[in-house]
Every structure is written in C-alpha cells, then in structure tokens.
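First the proteins, then the strands, lettered A, B, ... as listed; each starts at 1. FYI, side chains are in, hydrogens and waters are out, and symmetry mates aren't considered; it's all heavy atoms of this structure. Computed from a predicted structure; not experimentally measured.
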2 protein chains.
Amino acid sequence: MYQERKALLNARAKVLKAMAHSTRLFIIEELVKGERCVCDLTDQIGADVSTVSKHLSVLRQAGIVCDDKRGNQVFYRLRVPCIINFFGCVESVLESQAQDHAATLSAVGK
Amino acid sequence: MYQERKALLNARAKVLKAMAHSTRLFIIEELVKGERCVCDLTDQIGADVSTVSKHLSVLRQAGIVCDDKRGNQVFYRLRVPCIINFFGCVESVLESQAQDHAATLSAVGK
DNA sequence: TGGCTTGTTGGCTATATTGCCAAATAGCTA
DNA sequence: TAGCTATTTGGCAATATAGCCAACAAGCCA
C-alpha cells in the first residue's frame with residue numbers, strides 16, 4: 001500500500017521540501033514577477049551570497065527554477081509558474097490555526 | 001523587503017515542511033478518503049507505531065490534521081481538505097523533470 | 001484487579017540542513 | 001595580463017529530523 005507508492009511520494013516530498021524555507025519562498029515569490037540575478041536576490045535577502053546561491057541550488061535540483069548565464073551574471077526564473085497557486089491552501093491552514101488561537105484566547109477569557 | 005515578509009514566509013514554510021515527507025504525504029492521501037485511526041495507518045505504512053505517531057504529531061502541530069479520541073483509539077482527519085490540490089502543481093514539476101531527463105537521454109543518443 | 005490493546009513520549013544514534021567564511025571559477029575591462 | 005565583479009563550491013559548527021526501542025498512560029474486558 002505505502003511501499004508501492006513510496007517512490008512517487010518521495011519525489012513529491014522532495015519538491016515540497018525544497019520550498020519549505022522562508023528564504024526559498026521569498027525567492028519563488030520574486031521569480032513570479034520575472035527573472036532575477038543572484039546579486040539582486042542577495043541584496044533583498046541580506047544574507048551571504050554563498051547562502052543565497054545554495055538556496056538557489058536547492059530550488060534548481062528540485063526542478064523549481066532554471067538558470068541562464070549572461071555575461072558574468074546568472075539569471076534565475078521559475079520553471080513551473082503554477083507554484084504560486086500553492087499558497088491559497090497554505091493560507092487556509094494558517095487561518096484555521098489563527099481561529100484556534102482566537103478560540104483559545106476566548107475560552108481563557110481574554 | 002525580505003525581513004518584512006519573513007514571519008509570514010516562515011509560517012508558510014512550516015506547513016510545507018510538515019508535508020515534505022513520503023510517510024506524511026501518504027497519511028494525507030489516506031485522510032482525504034476519510035478519518036483513520038493510528039493503528040490502520042500504522043498497518044499500511046509498516047513502521048513502528050511510535051514513528052507513525054510522531055509523524056501525526058508533526059501534521060497536527062502544523063495545523064494540517066486534527067484528532068479525536070474514541071474509546072482507546074485515536075482518529076485523525078484533515079482540517080483543510082484543499083491540501084490535496086497541491087499535487088497537481090507538484091506533479092507538473094516532476095513532469096518537467098522527466099522531460100529534461102528524456103531530453104538528456106535523447107541528446108546522448110539513447 | 002490484571003492483562004490486553006492503542007497511542008504518546010523520552011532517549012538515543014544516524015543523518016541532513018543551514019549559514020558563514022574562505023577559496024576557486026568565470027567573465028568583463030583597462 | 002591584472003584586477004574587478006558575480007557566482008559557485010568546500011568545509012565547518014550548530015541545529016533539526018527520522019526512526020527505533022523502552023517506558024508510560026489510558027481505555028477495555030474478563
């Protein structure tokens with residue numbers, strides 16, 4: 001049952017795992033607007049260039065972005081723009097957590 | 001820019017991270033069909049009960065599932081059924097990887 | 001009560017991830 | 001060629017994750 005599906009589920013998990021970091025989500029959101037070079041992303045994120053480069057590498061290996069070297073800059077773009085549609089549902093999860101939190105506060109009388 | 005959005009992005013990342021494991025994806029797929037007790041899931045997954053229980057705990061803490069104790073069994077169900085809509089896009093990523101792979105094989109003449 | 005079943009938690013080890021610095025690579029320009 | 005900029009890679013320390021076993025909690029039934 002599970003063993004039969006494990007290979008596919010692992011492949012899916014790998015994609016989700018690649019997205020599961022605030023910096024990488026930020027990069028994805030930026031790339032929805034259009035391609036960006038590593039230096040632009042690095043400026044916005046405010047981390048070491050090597051750190052940003054490794055995050056991009058994670059996204060590339062997962063098949064989420066692809067890159068294009070022009071001159072001495074490397075431009076990244078989304079391979080699969082529908083990625084952004086994920087967030088509607090993720091937001092639903094966050095909202096349902098918020099409701100719980102509100103209910104808890106209410107139960108405690110705050 | 002990034003710093004301002006970081007808290008929200010971290011919250012989203014937490015949800016994605018909770019989903020990013022083959023066993024937990026399997027659990028989610030099962031729960032789409034309806035609620036399940038820990039023992040049923042454990043049978044299907046074939047791991048130690050404690051391992052499955054901890055995966056369920058990760059999903060619960062992320063707000064993805066909720067539980068309901070009845071007798072000496074605990075039943076889990078999805079809190080946010082739209083979770084399943086994620087996979088269309090994840091699948092697109094996997095397909096575009098497969099196309100690359102085919103292109104590579106073709107370029108090598110296989 | 002005693003024993004069985006169902007789940008959760010603590011503890012441990014093995015493994016993976018994150019982010020920094022330093023070093024290496026590659027393209028541009030003088 | 002020398003020097004500068006842009007990016008990637010290696011290495012390291014700190015931290016997090018996965019999965020097993022053992023121990024514990026709670027409900028059921030004889």
Practice problem: Report the distance from atom CD1 of B/I45 to atom P of D/dG19, rounded to the nearest whole Å. | Solution: 10 Å
Quiz prompt | B/N10 CG - C/dT18 P separation (whole Å) | solution = 12 Å
Practice problem: Select one nucleotide: of C/dT9, D/dG19, C/dT6, the one nearest the side-chain heavy atoms of B/S53. | Solution: C/dT9
Practice problem: Assign A/S57 to base, sugar-phosphate, or nothing according to its heavy-atom contacts below 4.0 angstrom with the strands shown. | Solution: nothing
Quiz item: What integer distance in Å separates B/K14:NZ from D/dA16:P?
Solution: 13 Å
Exercise. Using a heavy-atom cut-off of under 4.0 Å over every strand shown, decide if A/F75 touches base, sugar-phosphate, or nothing.
Key: nothing
Quiz item: What integer distance in Å separates A/K69:NZ from D/dT8:P?
Solution: 8 Å
Quiz prompt | Side chain A/R24, main chain A/A18, donor-acceptor under 3.5 Å | solution = yes
Quiz item: How about A/R12 and A/R5: do any of their side-chain heavy atoms sit closer than 4.5 Å?
Solution: yes
Quiz item: Looking at B/H55, does any N or O in its side chain come under 4.0 Å of the phosphate oxygens OP1/OP2 on D/dT17?
Solution: no
Quiz item: Just checking A/R24: base, sugar-phosphate only, or nothing, at a heavy-atom cut-off of under 4.0 Å?
Solution: sugar-phosphate
Practice problem: Write down the distance between CG (B/L16) and C1' (D/dT17), rounded to a whole number of angstrom. | Solution: 17 Å
Quiz prompt | Spacing between B/D48 atom CG and C/dT8 atom P, to the nearest angstrom | solution = 12 Å
Quiz prompt | Whole-Å distance separating the CG atom of A/D43 from the P atom of D/dT5 | solution = 14 Å
Practice problem: Select from A/V74 and A/K54 the residue whose nearest nucleotide in DNA chain D is closer to the 5' end of that strand. | Solution: A/V74
Quiz item: Do the side chains of B/K14 and B/N10 get nearer than 4.5 Å, heavy atoms only?
Solution: no
Quiz item: Within the structure, does a side-chain N or O atom of A/T51 lie under 4.0 Å from either OP1 or OP2 of C/dC20?
Solution: yes
Quiz item: D/dT17 C1' sits how many Å from B/L56 CG, rounded?
Solution: 16 Å
Quiz prompt | Of A/N72 and A/S50, the one whose closest DNA chain D nucleotide lies more 5' | solution = A/N72
Quiz prompt | Candidate nucleotides C/dC20, D/dT7, C/dG7, ranked by approach to the side chain of A/Q73 - the nearest | solution = D/dT7
Quiz item: Can a side chain N or O of A/Y76 be found less than 4.0 Å away from OP1 or OP2 on D/dT8?
Solution: yes
Quiz item: Are the side chains of B/Y2 and A/E30 in touch, meaning some heavy atoms are under 4.5 Å apart?
Solution: no
Quiz item: Under 3.5 Å, is there a donor-acceptor pair between the side chain of B/R79 and the main chain of B/G63?
Solution: yes
